[in-house]
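Only one structure is covered here, and it is reproduced in the block below.
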Amino acid sequence: MIRSKIAGIGMYVPEKVVSNHELTKYMDTSDEWIQERTGIKERRYAHRTKETTTTMAAEASKIAIERAGLIPSDIDFIVFATLSPDYYFPGCGVLLQRALGMKTIGALDVRNQCSGFVYALSVADQYIKTGMYKNVLVVGSEKHSFALDFSTRGRNVSVIFGDGAGAVVLQPAEEEEGRGILSTHLHSDGTEAEILAMYNPGTHANYWVKDRTLANFNEAEIGEMFISHEMIDKAQIFPYMDGPAVFKIAVEKFPEVILEALHANGYQPADLKLLIPHQANLRISQFVQKKLGLRDDQVFNNIQYYGNTTAASVPIALCEAYEKGILKEKDLVCLAAFGSGFTWASALLHW
Ligand code: COA
C-alpha cells in the first residue's frame, strides 16, 4: 500500500515583530489582557508593499522543496490554502506556480480558513495514494495584517492574528517504510457560518444585517454592490468574530477530531509523540491538552510568537517542531484544526 509522507518542510515569517505593547498605540488594549486571554506575546506583520501571501508562500516552499531534495520543476501539483489571497481571483496557487517558475502543473486553492492546511494535506494525500502525482506541494499562507481593524472596535479580532507561511512536499512512501499519513478526517457544519466570517466583499446582498439569517432580511436593506462606500464607511470590510461562541465550539471539536484520528488507527492519546493543534488560542490548546490527558511535551505551541496565522499555523508549528529536533523519524504525530465555517479536521501520521 502506498502512503504519502512529508519529504520536505519549510516556513517563512516576516521580519517585523509586533508586540502587544505596540498594538496599544492603535487601540484600547493591554499586554496583560492579550496574554491572559490568548497567550500571545507578539506576532509578525508582512512588509506592506514587498510581501504578499504568495511571496511568503514562495519562501516557505523553496525550503520545503530543497529539503525534499527537489527543484521547483519537479513539483507536479500545488494545493494552496489561504483566506487572505493576493487577489479576490485568481487564487494564490497560480501565483505561486509563476513565482517559482514551475511547469504548467495544476494549482488548486483551498478556502477552509484555519483548517485549510489540514484539508489541503488531505487532498494532496489522495492524489499521492492513487498514484496520480509524485511530488505535491501543500501550502498555507496568510497576510492578515492588511485586513484587520486596528481601532478599538476591532480589537477582539485584530490582536489575535499574524502573518506567515508554511509548506510541505508530499511524496509516496511504501507502507514498510513506516512513515506517512495514516488517515485524515474532515468535517463541516455551516449552521453558524456567520459567527466567524468576513462578509465583504461578497454576493450575499447584506442578508446578514438582520439576525444574520436569510429568512429575516429586509428588502430595503439589500446591498446592490459587491463592495460599496457604505460598507467601507461602516467598517463592514473586516472580519467578524463572536469570540466566546467560537471558543465554546472549538474546545468541543478539537478533542473530538483528534480522538477520531487516533481511534481510527487503534491508538490512544498516550501513544502520541506530538499533537500539533492549529494555533487558535493558547487557552484552547491548554483545554484540549487537559481533556485528552496529554503531557506538556506532547503538545506543540508557538502562538506566543506568531499569533494565529490561520492556514499557515499548522505547517509553521510542524516546521518549528522539526527544526528544534523534537520530531524523530516514524514518530506518531497528530495535526488538528478548527476554524471558520465551521470546519474542523485532523491528520494522523508517522513522521
Ligand atoms: N483588549 C482589551 N479588551 C478586549 C479586547 C482586547 N483586545 N478584546 C475584547 N475586549 C473586551 C471586550 O470588549 C469585553 O469588554 P466588556 O466586558 O466591557 O464588554 C471583554 O474584553 C470580554 O470580551 P470577550 O469577547 O467576552 O472576551 P473573551 O474572554 O471571550 O476573550 C477572545 C476574547 C477573542 C480572546 C476569546 O473569546 C477567544 O479566543 N475566542 C476564540 C477565538 C478563536 O480562537 N478564533 C479563531 C478560531 S480558529
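We use all heavy atoms of the structure for the numbers below, so side chains are in, but hydrogens, waters and symmetry mates are not. Counting starts at 1 for both ligands and their atoms, following the listed order.
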Same cluster or not: are Ile128 and Leu121 linked, directly or through other Ile, Leu, Val, Met, Phe, Trp or Tyr residues, by side-chain heavy atoms under 4.5 angstrom apart?
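Linked within one cluster.
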Enumerate the atoms of ligand 1 whose separation from the nearest heavy atom of [X] is less than 4.0 angstrom.
X      : value
Ile284 : 44 (O)
Thr38  : 35 (C)
Leu196 : 47 (C)
Val159 : 7 (N)
Cys114 : 48 (S)
Phe338 : 48 (S)

Tell me whether the rings of Tyr133 and Phe77 are parallel (<30°), tilted (30 to 60°) or perpendicular (>60°).
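Plane angle under 30°, so parallel.
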Flag, side chain of [X] to backbone of [Y], donor-acceptor distance under 3.5 Å:
X      : Y      : result
Arg44  : Pro14  : yes
Gln171 : Asn135 : no
Gln304 : Gly39  : no
Gln279 : Phe300 : yes
Thr130 : Gln126 : yes
Thr53  : Glu142 : no

Looking only at protein heavy atoms, which one is nearest to [atom], and what is the separation?
atom                    : value
atom 8 (N) of ligand 1  : Trp33 CH2, 3.2 Å
atom 29 (O) of ligand 1 : Arg37 NH1, 2.4 Å
atom 1 (N) of ligand 1  : Thr29 OG1, 2.6 Å
atom 42 (C) of ligand 1 : Met241 SD, 3.6 Å
atom 11 (C) of ligand 1 : Arg155 NH2, 3.5 Å
atom 46 (C) of ligand 1 : Asn308 ND2, 3.6 Å

State, yes or no, whether a side-chain contact exists between Glu42 and Val17 at a heavy-atom distance under 4.5 Å.
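Yes, side chains in contact.
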As a check for students: among Gly39, Pro239, Gly243, identify the option with a heavy atom nearest to atom 36 (C) of ligand 1.
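It is Gly243 that holds the nearest heavy atom.
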Nearest candidate to atom 43 (C) of ligand 1, where distance is taken over non-hydrogen atoms, out of Ile249, Asp28, Val251, Val246:
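Checking each option, the heavy atom nearest atom 43 (C) of ligand 1 is found in Val246.
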Between Phe287 and Lys290, is there a cation-pi geometry (under 6.0 Å to ring centre, at most 45° from the normal)?
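No, Lys290 does not sit over the ring of Phe287.
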Just heavy atoms, cut-off under 4.0 Å: does [X] contact ligand 1 by side chain, backbone, both, or neither?
X      : value
Ile160 : side chain
Thr310 : neither
Asn156 : both

Can you check whether a protein heavy atom sits less than 4.0 angstrom from [atom]?
atom                    : value
atom 14 (C) of ligand 1 : no
atom 32 (C) of ligand 1 : no
atom 19 (O) of ligand 1 : no

I'd like to know if Glu323 and Arg67 make a salt bridge, using a cut-off of under 4.0 Å between side-chain N and carboxylate O.
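Judged by the 4.0 Å cut-off on N to carboxylate O distance, Glu323 and Arg67 do form a salt bridge.
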Sidechain N-carboxylate O distance under 4.0 Å for Asp28, Arg155
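Here Asp28 pairs with Arg155 in a salt bridge, since their nearest N and O are under 4.0 Å apart.
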Within residues 336-348 or reaching into it, pairs that qualify as side chain to side chain donor-acceptor pair (under 3.5 Å) - sequence neighbours excluded:
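Counting only pairs at least two positions apart or across chains, the side chain to side chain donor-acceptor pair (under 3.5 Å) contacts touching residues 336-348 are Ser115-Thr343.
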If you measure every N or O of His278 against every N or O of ligand 1, does any of those distances drop under 3.5 Å?
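N/O-N/O distance under 3.5 Å: no.
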Please check whether Asn281 reaches ligand 1 - meaning an N/O of the residue sits under 3.5 Å from an N/O of the ligand, judged on distance alone.
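Indeed, backbone or side chain, Asn281 has an N or O that close.
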Arg153 CZ: over 12 foreign heavy atoms closer than 6.0 Å:
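Above 12, so yes.
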Is it true that Pro244 lies under 4.0 Å from ligand 1, counting heavy atoms only?
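Pro244: in contact with ligand 1 (<4.0 Å).
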